[in-house]
Amino acid sequence: MSRVVVIAGATSGIGRATARAFAERGDRLVLAARAPRTLAEVRAECADADVLTVPTDVTEPGALEALAEAAIARFGRIDVWVHTAAVMAYGRFDELPERVFDQVVRTDLLAAAGAVRVALRHFRATGAGTLILTGSVLGHVTAPYMSAYVVSKWGLQGLARTVQQELRDSPRIRLCLVNPGSVDTPVYQQAANYLGRVGRPPPPVAGAQRVARAIVDCADRPRREVSVGRLNVVLRAGFTVLPGIYDVLVGPLMRLAGLSGRSVAAHDGSVFAPNPAGESVGGGHLPDLRQLVSGPVGAVGAALRRRLG
């Protein structure tokens with residue numbers, strides 16, 4: 001029997017990849033995001049599934065309750081709620097406008113808390129359900145120039161752990177936290193920027209599809225926390241065991257690997273309003289394997305063939 005899956009933040013990055021992954025499984029989907037036009041595009045990508053789209057700004061009062069009501073009106077229940085909606089901002093804490101900082105926290109933490117509240121209310125009424133939140137390795141470590149995002153993800157980590165403790169008497173209701181490291185999504189280009197340099201995910205970078213597979217796997221086999229990223233464990237160990245060394249190195253490494261060389265004027269990005277033109281699964285941060293094969297790898301291969309032939 002197919003599940004009913006609500007996905008908030010379904011038009012870009014991890015959320016969009018997750019919508020496709022659940023659609024391939026034959027689940028019935030309720031897709032929510034701010035941009036109706038992009039929601040229609042994602043619905044077309046999930047053409048083989050039964051899909052309801054609900055334009056939703058998760059920061060608006062009552063929006064998440066309305067999303068749940070729409071899902072129940074259409075499908076009669078909710079089995080899985082996936083919350084991936086998030087925005088990002090770059091800038092030194094004292095130079096980032098207060099309104100931008102507050103809106104990032106409102107979107108990434110308070111709206112996630114609202115989703116937990118709404119989903120749990122429904123799951124407790126029905127006796128079962130799985131809630132999956134998208135955290136970050138930055139919920140366990142810190143990085144400069146991303147204060148609002150870091151604060152939000154640390155708060156989300158605390159919220160998830162607390163609710164998991166409170167759910168110990170409800171074994172059929174599960175809360176999972178999926179913590180990616182660097183992921184190839186457009187969120188870095190879409191971020192507000194008051195730093196002057198465009199952000200990027202530091203390597204190694206995972207595809208959004210890999211995180212989506214982890215989310216679908218949590219729906220199948222719920223777990224308290226899942227980490228997606230080869231360096232996550234190393235970063236967490238360094239942050240905890242060698243905090244002095246971590247703090248010395250993280251700034252230079254962030255400037256080297258987490259920021260591009262492209263300059264940019266101060267702007268709010270997609271923090272307050274969506275940018276449909278910039279929404280997609282990938283952000284172009286993974287190497288193009290075709291160019292790699294035809295470029296340096298291809299040249300090496302040709303040289304070897306000439307030498308051996």
Worked verdict on N179 versus Q157 for side-chain contact (heavy atoms from CB on, under 4.5 Å): CA-CA 9 Å; N179 286 327; Q157 184 74 31; 3.5 Å; yes

Donor-acceptor contact present, side-chain W154 to main-chain V141, <3.5 Å: yes

Whether S270 side chain and N275 backbone form a donor-acceptor pair below 3.5 Å: no

R255 backbone acceptor or donor facing R197 side chain under 3.5 Å: yes

Heavy-atom closest contact (H83 atom, A111 atom, distance): CE1-O, 3.9 Å

Connected via hydrophobic side-chain network under 4.5 Å: V6 and F75: yes

Stepwise salt bridge (Lys or Arg N to Asp or Glu O under 4.0 Å) check, R16 with E41: CA-CA 10 Å; R16 192 163 183 164; E41 293 174 3; 3.5 Å; yes

Close side-chain approach of Y246 to T240, heavy-atom, < 4.5 Å: no

Whether over 12 other heavy atoms sit under 6.0 Å from Q165 CD: yes

Donor-acceptor contact present, side-chain R200 to main-chain A257, <3.5 Å: yes

Joint hydrophobic cluster, V105 plus V150, side-chain heavy atoms closer than 4.5 Å: no

Same apolar cluster (I L V M F W Y, side chains within < 4.5 Å links), L31/I132: yes

Distance in Å, R43 CZ paired with L29 CG, rounded so as to fall on 0.5 Å steps: 10.5 Å

Worked verdict on V87 versus Q103 for side-chain contact (heavy atoms from CB on, under 4.5 Å): CA-CA 9 Å; V87 293; Q103 185 67 8; 5.7 Å; no

Side-chain donor/acceptor of D48 to backbone N/O of E24, under 3.5 Å: no

Side-chain heavy-atom pair T38, P274 within 4.5 angstrom cut-off: no

Heavy-atom side-chain contact between D27 and D79 under 4.5 Å: no

Nearest-0.5 Å distance, CG of residue L177 to CG of residue L159: 9.5 Å

Derivation of the side-chain contact (heavy atoms from CB on, under 4.5 Å) call for M88 and Q190: CA-CA 8 Å; M88 189 182 288; Q190 298 271 64; over 6 Å; no

Which atom of G135 lies closest to which atom of L156, heavy atoms considered: CA-CD2, 3.9 Å

Any donor-acceptor N/O pair, T84 side chain to A8 backbone, under 3.5 Å: yes

Beyond-backbone contact of V250 with T142, side-chain heavy atoms, under 4.5 angstrom: no

Value rounded to 0.5 Å, distance of CG in L120 from CG in L131: 6.0 Å

Main-chain N/O of A40 paired with T53 side-chain donor or acceptor, under 3.5 Å: no

Reported CG-to-CG distance for the pair L253 and L259, which is rounded to 0.5 angstrom: 11.5 Å

Pair R3 + D220: basic N to acidic O under 4.0 Å: yes

Greater than 12 external heavy atoms within 6.0 Å of R99's CZ: yes

Side chains of H140 and F239 in contact at under 4.5 Å (non-hydrogen atoms): no

D50 (side chain) donor-acceptor with R28 (main chain) under 3.5 angstrom: no

Residues V58, L64; criterion side-chain contact (heavy atoms from CB on, under 4.5 Å); working and verdict: CA-CA 6 Å; V58 296; L64 291 163; 4.0 Å; yes

Pairs touching residues 113-136 that satisfy side chain to side chain donor-acceptor pair (under 3.5 Å), sequence neighbours left out: R124-S170

Test item: Q189 side-chain N/O and G283 main-chain N/O as donor-acceptor pair under 3.5 Å: yes

Linked, directly or transitively: M146 and L195 (ILVMFWY side chains, under 4.5 Å): yes

ILVMFWY network linking V118 to V82, side-chain heavy atoms under 4.5 angstrom: no

Of D184, V226, T185, V183, the residue whose pairing with V211 passes side chain to side chain contact (heavy atoms under 4.5 Å, CB included): V183

Atom pair OH (Y149) and CG (L109), whose distance is rounded to the nearest 0.5 Å: 12.0 Å

Q164 side-chain N/O to L175 backbone N/O, donor-acceptor pair under 3.5 Å: yes

Steps toward side-chain hydrogen bond (donor to acceptor under 3.5 Å, both in side chains) verdict (N193, Y188): CA-CA 9 Å; N193 199 304; Y188 306 92; over 6 Å; no

More than 12 heavy atoms from other groups under 6.0 Å of CZ on R74: yes

Exceeds 12 heavy-atom contacts within 6.0 angstrom, atom CZ of R92: no

Residues D217, R221: salt bridge by 4.0 Å N-O rule: yes

Between CG on residue D108 and OG1 on residue T59, distance to nearest 0.5 Å: 10.5 Å

Close aromatic pair by centroid cut-off 6.0 Å: Y90 and Y145: no

